[in-house]
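Here the structure comes first, spelled out in structure tokens, and everything after it is commentary.
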Amino acid sequence: MLVMTLIYMIAPIILCLVNILLLKTSHWYVWNLTLLVVFGVITYLDVYFLLPSRNLLSIIISNGFWGMIFEGIMLFLWLKFSDNEDSHDDASREKRNSNTKKLIIGISTFAIVWLVGVVGGLHSKWSVKPTWNSISKQYSKSSEAPTFKRNETPIALTPDTVLNRVHKSMSDVPNSQYYDTPDTVQAQYFNGKPVYIIPLSYADFFTMLKAKEIPGYFIVDATNQNAEPKFMKKSYKYASSAYFNHDVDRQIYRNNPEWLTMSTPQLEIDNDGTPYWVQTVFKAEKFSRRPNYKKLHVVVMNAQTGKQNTYSLKNLPKFIDEGITSDAAASMNKIFGSFQHGYWNQYFGQTGIIKPTNNGPEAGVTSIFNRDGSISYFTDFTNPNSKADSAMGYTMINARTGELTYYSANGIMDSSGAKENAEQNYKAQKWDAEMPVLYNINGRPTWVMTILDKSDAIRGYYYLDAQDQSIYGNGDNPTSALDVFRQALANNSATAKNTPGAEKQTIKGTVDRSAVVSSKNKVMFTLQGSDTVYTVNTNDYDKANLIRLGDNLSFKASVVNGQSIGNVEEFKNDSLK
């Protein structure tokens, strides 16, 4: 902190020395040294509490600005002081004018320094193409999106639901009145299982003084609909909510002077449950504030001891799943969508501009647990100029490597439109659709959402065809909702014809079980030797109402990956004469 204070004090220190050497006048030493001490105290407090940027441009701008202020104050004091002295003779007036000019030169010099820094800052902000080029990206078709498979690709709990359950479990925390929970959760794999980590925070400054340390954190199964948070007694001193030297940001700032931060720290745990703070950092390009996404690093700090190391993305410890934090991923998405054709294109022309919808729970992104044990951030993009709810595409960012994959999309609704569509079905209950994620189900782009009530309790799951909003399925759990949705796909002749894995087959067999669904004018049945549930519309085949156990049937139907079957055609009950 002392080094950073001196760096930000370069201008006042230089001016103080120059003023003392050149302007040898009574009281001048006292004024300069007193003002330098005042500036030093203010600068130290600013560095310690606000943690200003260590970027060269920021240092130049700050020194130029404070140099002007320092010399301006001294000019004011000089003019006021010299007016009170005998300045009627020519020598005194000449000396006064000469010293005034020197002070004005000092102000002008640092005004130029400040101006140079400002111009550099503007150039850094406007010349964004190098930053866009530094993103590791590849382009794929939307049909190559992650494929949803029963009991294989997990549907995660929403962070709001997790936090609601954590609030109810705070009684498990010793002296729980000292602590609060944050507004976000941390996704990661722990011993091979997808979990959420929820750190505690101090309620305020005085509770920190009493508690002295945080007693632990919560962990919850991220994909179990009924999972309850478990409190882990792993006490740690360093936290984002701590003050003074136990503040995480301050510790990382002090120990990594050459790195700039681009995110707030996130808490992850190793295989033994030891908590670590993770923060994405970068070195700006020369004379700019631009990050190079190919050279991102990660600071990993032990939350118990404060010991920290800085790693490249290729050399991260194995237990770190989100070296690219959610803040860093959101920033990457914004740059990717806006700056392919430069800074000014977003205002003039807007060629190729796509806008993140920011419907994710973590800084506008959603953490996805992949089948290979990795985590990706999902974000969909929409047209910035259109009021239509159409999606232009979406990105998946590998949270460990920072690699961005863009999936283009045509003719599908964006996540905002999907949420509104789902919530229309629960208008009476006033339930909300949360955490929309786009999956590829049976070859169809499908929005998968969790339905929450006003207390953030899970009320069900909702699957919506992203191309045809009339096709949807809901259920109490992801599996039942998936079955209903697949049945809706099969019942729609247009989608069934275009659904990979759907084949029209001629089927014969003996009825094993049957049921009439009178409210939907359907009959569901199974055949001996088969687990598949067939569905026939009784509006088309009224004799289907007469199906009985042991009847021999023949028909054609669209088979969808061994699941429920709809669109039964050429139905015939051979047992009816």
Can you give each donor-acceptor pair under 3.5 Å made by side-chain atoms of residues 257-264, sequence neighbours left out, with the distance rounded to 0.1 Å?
residue: S263; atom: OG; partner: T280; partner atom: N; Å: 3.3
residue: S263; atom: OG; partner: T325; partner atom: OG1; Å: 2.9
residue: T264; atom: OG1; partner: D327; partner atom: OD2; Å: 2.8

- Message: Restricting to salt bridge (Lys or Arg N to Asp or Glu O under 4.0 Å), what partner residues turn up for D453, sequence neighbours left out?
- Response: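 Testing D453 for salt bridge (Lys or Arg N to Asp or Glu O under 4.0 Å), a comparison that skips the adjacent residues, returns R459.
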- For R290, check salt bridge (Lys or Arg N to Asp or Glu O under 4.0 Å) against everything at least two apart and list the hits.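 Partners of R290 by the salt bridge (Lys or Arg N to Asp or Glu O under 4.0 Å) criterion, ordered by chain and then number, come out as E285.
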- If you look only at pairs with a residue in residues 425-442, which of them pass as a salt bridge (Lys or Arg N to Asp or Glu O under 4.0 Å), with sequence neighbours excluded?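 Salt bridge (Lys or Arg N to Asp or Glu O under 4.0 Å) check on residues 425-442 returns K419-E434, D432-K454.
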Is it the case that over 12 heavy atoms from other parts of the model lie below 6.0 angstrom from the [atom1] atom of [X]?
| X | atom1 | result |
| --- | --- | --- |
| Y472 | OH | no |
| H167 | NE2 | yes |
| W114 | CH2 | no |

Please identify each residue that fulfils ring pair (Phe, Tyr, Trp, His ring centres under 6.0 Å) with [X], with sequence neighbours left out.
| X | value |
| --- | --- |
| F190 | none |
| Y461 | none |
| F49 | none |

- Kindly say whether D414 contributes a backbone atom to a donor-acceptor pair with the side chain of S416 at under 3.5 angstrom?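 The answer is no, because no donor-acceptor pair under 3.5 Å joins these two groups.
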- Do the two ring centres, one from Y243 and one from Y202, sit under 6.0 Å apart?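 No, the ring of Y243 stays outside the 6.0 Å limit from the ring of Y202, centre to centre.
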With [X], which residues qualify under side-chain hydrogen bond (donor to acceptor under 3.5 Å, both in side chains), at least two apart?
| X | result |
| --- | --- |
| T161 | T158 |
| T405 | Q138 |
| N226 | none |
| Q225 | none |

- Task: Would you please say whether a donor-acceptor pair under 3.5 Å links the side chains of Y377 and E362?
- Result: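 Note: Y377 and E362 side chains miss the donor-acceptor criterion.
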- Would you kindly say whether N440 and Y407 are connected by a side-chain donor-acceptor distance under 3.5 Å?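 The criterion, which ignores hydrogens and geometry beyond distance, is not satisfied for Y407 and N440.
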- Message: When you measure from the centre of the six-membered ring of Y463, is the NZ or CZ of R486 closer than 6.0 Å and no more than 45° off the axis?
- Response: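 No, R486 does not lie over the aromatic ring of Y463.
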- Message: Parallel, tilted or perpendicular, judged at 30° and 60°: which one describes the rings of Y217 and Y236?
- Response: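 It falls in the tilted class, 30° to 60°.
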- Which pairs, with at least one residue in residues 330-344 and sequence neighbours excluded, count as a side-chain hydrogen bond (donor to acceptor under 3.5 Å, both in side chains)?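 Every pair satisfying side-chain hydrogen bond (donor to acceptor under 3.5 Å, both in side chains) with a residue in residues 330-344: Y293-S331, N333-T379, N333-T395.
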